[in-house]
Amino acid sequence: MELKNKEIADIFNNIAAMLGIDNSPSSKFEIRAYQRAALTIEGLQEDLGLIYGRGGIDALMELPGIGKGLAQKIEEYLKTGRIRKYEEMRKKYPIDFVELSKIEGLGAKKIGVLYKRLGVKDVETLKDALEKHKVRELAGFGAKSEEVLADGIKILESSKGRLLLGDVLPEAESIVSKLAGSGLAEGVVIAGSIRRMRETVGDIDILALSKSPEKVMDFFSGMDEVKSIISKGPTKTTVWLKIGTSCDLRVIEPDSFGAAIQYFTGSKNHNIGVRTIAVKKGYKLNEYGLFEKSGRLISSLNEETIYAKLGMQWIPPEMREDRGEIKLAQEHNIPDLIQLKDLMGDMHTHTKETDGMNTLEEMAAAAGAAGLAYFATTNHTKSLRVAKGMDEKRFEEFFKKIDSLNEKLGGRPTILKGAEVDILKDGSLDLSRAMLEKMDCVVAAVHSNFNMSYDEMTARVRKALDTGLVSILAHPTGRVINQREPYKIDLEKVAESAERGMVALEINSYPSRLDLNDTNILSLRGYNIMFSVDSDGHNVSHFGFLRYGIGTARRGWLTKANVINTMPLEKVRRFLAKKK
DNA sequence: GCCGTTTTCGGCCCGACTGTTTTCAGTCG
């Protein structure tokens, strides 16, 4: 997330917490408004400063849950670096709510009591109070509370925050398959942010259908993956996993499947939107079904019917972020999103010749096994010395190998000749024009001098695209999740060049990249540009990353027609040759 | 503080689990 966005979301969450302590009845909904806005901002990833720069207060007010009051507070923060109302409130409660709230079981009310009675304002002062056993003396707290809080602090300190989808999804699938194999459940599925294919995951949500919930919960809480049990009941159990995240299991009657999976998939703001529509129609929607006021069940078995009874089209999970999809579903204009099976090729892969782990032959076999009809090998170029980047001579040699292997394979799959050519500091490309013109697929990327100004970086990349030699711009923002911020670049200006020069923008499927991300893609909807969903595979297993890139493309509302590597080989060759 | 096919006031999603309680508030998702 963009840094400013996190700061503003934290401030809104802090304000919500402070309002929560004071407990006036009218503030109940004000609290919810601040929390909802914070959630919206946390999910944005596009910089609020950019949005504000584009359209001012009005652009901010278009964001769901942000009205005039909050838009003005965001403006104040962007301009002055502070929000006066917040600083006033901080004088009364100088507490780090955001940090303290991360402790399981600790919310605004309890934090307020701990502050007023014991002066607790951050994790350190809480630890001190716990060690002196002062917490158990407070009304509403006991010895057990001290134990739970101490455990919560340990978990918080060992937690790494949100984990990569690419790390968590395989773990979730393993848990699901064990639960399904137990014979205790009729069905087990993944819900939550994993089903929505968010790039990072805060916890794992699993839904099981069973008529003997207690047995399922016993099996689940006893699994090898589990480190400790946070709470356990017949319909809901939460555990902490050894991989460093929590996992919720909800067990539900098979008849309620549709209502349950809809509810547990979220997002929270999407559900609030859908439930509000239900209320307006005089219904009630919960995880057990859609009901009339009288309590009569209208629908519960599948998601499609529930959305239909609310006058909506079914909404793919990846779109359920309260970003306009509810209105679209009411108008029956939900796009037919791209699917993994639509991919016919992969335009960005590496081999042992540079920093890949496998030979060309091994990569070809793996691409074929992954169901691809073609793939481009795009090794690094000479300037990238750490990756043993290749010069013109080595590319000539390597391409001879491709010719002979292509002959041998007879198109199963077809290997395209390419390079991931460095865009140098001055915007020139790291191979000769003559060499690049010989290639089927030129992927260009920035791998150095990340700290340029907004204008310099934008000009650098546009200069490269404007050569007419580039087929695809790889990982266009350069961000690496939890490691490196995106470099400063004007994607709209880049999109102008891409549109003019028939350059596809990459959705890099590497789990730590996923670049462009969903919000980048959505922000470029006004441009007539194509995308390329690529693995950036460095070994044979990395073709499996493509599902994460497809998830991101779906979160960006893309269809098959927006993505070049859904085309059959001859058609994609025409695109690469820049012929319409 | 947000929001509008009940539109500028008067509503605002809904249920499970826990600990400390004797009927519920706080927390979470």
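Note that these values count all heavy atoms, side chains included, but never hydrogens, waters or copies made by symmetry. Chain letters run A, B, ... following the sequence lines, proteins first, then strands; residues in each count from 1.
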For A:Met217 and A:Leu249, the nearest pair of non-hydrogen atoms, with its separation, is CE-O, 3.4 Å

May I ask you to evaluate whether A:Tyr34 reaches the phosphate of B:dC12, defined as a side-chain N or O under 4.0 Å from OP1 or OP2? no

A:Arg513 backbone acceptor or donor facing A:Arg479 side chain under 3.5 Å: yes

Take A:Lys280 and A:Met217, find for each the nucleotide of DNA chain B with the closest heavy atom, and name the residue whose nucleotide sits nearer the 5' end. A:Lys280

Rounded interatomic separation in angstrom, taking CD from A:Gln330 and P from B:dG4: 11 Å

Check whether A:Thr80 reaches the backbone of A:Tyr77 with its side chain - one donor and one acceptor, N or O, closer than 3.5 Å. no

Indicate yes or no: does A:Arg82 engage A:Glu87 in a salt bridge with an N to O separation below 4.0 Å. yes

Say we look at B:dT23 and B:dC17: how far apart would their P atoms be, to the nearest angstrom? 22 Å

From NZ of A:Lys28 across to C1' of B:dG26 the rounded distance in Å is 13 Å

In whole Å, I'd like the distance from the CD1 atom of A:Ile261 to the C1' atom of B:dG29. 15 Å

Within the structure shown, what part of the strands sits under 4.0 Å from A:Ile15 by heavy-atom distance: base, sugar-phosphate, or nothing? nothing

When both hydrogen-bonding distances must be under 3.5 Å and the geometry is Watson-Crick or G-U wobble, what is B:dT8 paired with, if anything? none

State whether A:Lys236 places a side-chain N or O below 4.0 Å from either non-bridging phosphate oxygen (OP1 or OP2) of B:dC28. no

Does B:dC17 have OP1 or OP2 under 4.0 Å away from a side-chain N or O of A:Thr235? yes

Does a sphere of radius 6.0 Å around CG in A:Asp336 hold more than 12 heavy atoms from other residues, nucleotides or ligands, not counting ones at 6.0 Å or beyond? no

Quick note, A:Lys110 side chain, CB onward, closest among B:dG29, B:dT27, B:dA16 is B:dT27

Name the nucleic acid region contacted by A:Val274, choosing base, sugar-phosphate or nothing; use a 4.0 angstrom heavy-atom cut-off, strictly under. nothing

In whole Å, measure the gap between the C1' atoms of B:dC3 and B:dT8 for me. 10 Å

Could you tell me how the ring of A:Tyr93 sits relative to the ring of A:Phe97: parallel (under 30°), tilted (30 to 60°) or perpendicular (over 60°)? perpendicular

Using a cut-off of less than 4.0 Å, is there contact between a side-chain N or O of A:Lys68 and OP1 or OP2 of B:dC3? no

Determine the contact category for A:Ala278: base if any of its heavy atoms lies under 4.0 Å from a base atom, sugar-phosphate if only primed atoms, P, OP1 or OP2 are that close, otherwise nothing. nothing

Tell me yes or no: between the side chains of A:Thr245 and A:Asp203, is some donor less than 3.5 Å from an acceptor? no

Describe the nucleic acid contact of A:Ala143 in one word from base, sugar-phosphate, nothing, applying a heavy-atom distance below 4.0 Å. sugar-phosphate

Distance between C1' atoms of B:dC2 and B:dT7 (Å, rounded): 13 Å

On the nucleotide B:dG15, are OP1 or OP2 found under 4.0 Å from the side-chain N or O atoms that A:Asn286 carries? yes

Would you mind classifying the nucleic acid contact of A:Ile31 as base, sugar-phosphate or nothing, using non-hydrogen atoms under 4.0 angstrom? nothing

More than 12 heavy atoms from other groups under 6.0 Å of NZ on A:Lys232: yes

Under 4.0 angstrom, heavy atoms only, what part of the nucleic acid is A:Lys284 near: base, sugar-phosphate, or nothing? sugar-phosphate

Want to settle it: does A:Lys102 or A:Leu70 sit nearer the 5' end of DNA chain B, counting the closest nucleotide to each? A:Leu70

note: A:Leu138, atom CG; B:dT20, atom P; distance rounded to Å ~ 11 Å

Would you indicate, yes or no, if B:dG19 has its OP1 or OP2 atom less than 4.0 angstrom from a side-chain nitrogen or oxygen of A:Lys144? yes

Determine whether any donor atom in the side chain of A:Tyr288 lies under 3.5 Å from an acceptor atom in the base of B:dG15, or the reverse, and answer yes or no. no

Just how far, in rounded Å, is P of B:dC28 from CD of A:Glu287? 18 Å

Give a yes/no answer on whether the side chain of A:Arg32 brings an N or O atom under 4.0 Å of OP1 or OP2 in B:dC13. yes

Here the distance between atom P of B:dG26 and atom CD of A:Gln35, to the nearest Å, is 14 Å

Of the nucleotides B:dC17, B:dC12, B:dC13, which has the atom closest to the A:Ser231 side chain? B:dC17

Nearest-Å distance once atom P is located in both B:dT5 and B:dG1: 23 Å

Euclidean distance, atom CD of residue A:Glu76 to atom P of B:dG1 [Å, nearest integer]: 12 Å

Below 4.0 angstrom from OP1 or OP2 of B:dG1, is there any side-chain N or O of A:Lys73? yes

Length of the line joining A:Asn271:CG and B:dG29:C1', which is rounded to integer Å: 10 Å

Starting the side chain at C-beta, find the nucleotide from B:dG1, B:dC14, B:dT18 nearest to A:Ala33. B:dG1

Quote, to the nearest angstrom, the C1' distance that separates B:dG26 from B:dT21. 13 Å

To the side chain of A:Ser145, which of B:dG1, B:dG19, B:dT18 is closest? B:dG19

Touch check for A:Lys109, heavy atoms < 4.0 angstrom, all strands: base, sugar-phosphate only, or nothing? sugar-phosphate

Taking the side chain of A:Arg250 as its heavy atoms from C-beta onward, which of B:dA16, B:dG19, B:dC14 lies nearest to it? B:dA16

When you compare B:dC12 with B:dT6, how far apart are their P atoms, in angstrom units rounded to a whole number? 14 Å

Using a cut-off of less than 4.0 Å, is there contact between a side-chain N or O of A:Thr276 and OP1 or OP2 of B:dC12? no

